[in-house]
Structure formats: structure tokens, C-alpha cells
Amino acid sequence: MTGRCRRGNIAGVSTADDYEYAPLRIPPGTSRTAAATMLSLQVDVGGWELARLQLHADGTRKAILRRRARLSYLPMPVT
């Protein structure tokens, strides 16, 4: 780890370098269309982008959203 790299965890949001990350859990039984709509609303409102999406065997989706740390004045994802 270099001296320039900073890491932290504040209220479920972790920061690394100049990005902050936030986990978002989408419950099983949510249709693909509804999940896509939920994620697109987060992108439009909060300045987030999709970093990773995992589909688990029970149908739960786990999304990791990221945005530039300078946009931290925008709202957090709605869980």
C-alpha cells in the first residue's frame, strides 16, 4: 500500500483512492427488469456506476456501486 492510497469505511461506504464504494442487496424474487430499474435510478440520482453485480443461487443479487469521491455530497443508495 502506498502513502497516497487511503482506505476507510464510513456508514457502509468504503473509499479507496478516488472512488467510494457502496454495497446494494436486491432481494430474491425481484425481476430482472425491476432490478435494472432500481440500479438505473441510483445512477441517475446519486452519480453511481455499477462496479460489480453478483447473482447468488438463492436469487439474491449483490451489486457494488462506485462513484468518484468528489461526488460525496450526492445521496447514498437506497437499500
Side-chain angles (χ1 to χ4, degrees):
M1 182 185 302
T2 64
R4 194 190 92 182
C5 182
R6 66 181 197 281
R7 296 187 187 274
N9 191 358
I10 300 172
V13 176
S14 62
T15 61
D17 294 325
D18 36 307
Y19 283 100
E20 58 183 351
Y21 295 85
L24 180 64
R25 184 185 164 277
I26 301 172
T30 305
S31 70
R32 185 176 180 171
T33 306
T37 302
M38 289 169 60
L39 291 172
S40 67
L41 287 172
Q42 297 300 328
V43 169
D44 291 342
V45 174
W48 294 97
E49 63 184 36
L50 183 63
R52 175 173 291 170
L53 180 65
Q54 296 175 331
L55 177 61
H56 296 279
D58 66 350
T60 301
R61 292 176 177 89
K62 182 179 178 187
I64 304 294
L65 304 175
R66 76 175 187 174
R67 68 179 172 192
R68 295 270 182 196
R70 61 182 166 76
L71 297 176
S72 60
Y73 61 88
L74 293 173
M76 297 298 296
V78 178
T79 56

Worksheet item: Taking side chain as C-beta onward, heavy atoms only, is Lys62 less than 4.5 Å from Arg25?
Response: no
Worksheet item: Any Lys/Arg nitrogen of Glu20 or Arg66 sitting under 4.0 Å from an Asp/Glu carboxylate oxygen of the other?
Response: no
Fill in: Short side-chain to backbone donor-acceptor contact, Thr30 and Ile26, under 3.5 Å
no
Response to the item:
Heavy-atom closest pair (Tyr21 atom, Ile64 atom, distance to 0.1 Å) is CD2-CG2, 3.9 Å
Fill in: Exercise: identify the closest heavy-atom pair between Glu49 and Tyr19
OE2-CE2, 4.4 Å
Fill in: Partner set under side-chain contact (heavy atoms from CB on, under 4.5 Å) for Asp44, not counting sequence neighbours
none
Practice prompt. Could you list the residues that satisfy side-chain contact (heavy atoms from CB on, under 4.5 Å) with Leu53, not counting sequence neighbours?
Written response: Leu50, Arg61, Ala63
Fill in: Chi angles and distances behind the side chain to side chain contact (heavy atoms under 4.5 Å, CB included) call for Leu65, Leu39
CA-CA 9 Å; Leu65 304 175; Leu39 291 172; 4.1 Å; yes
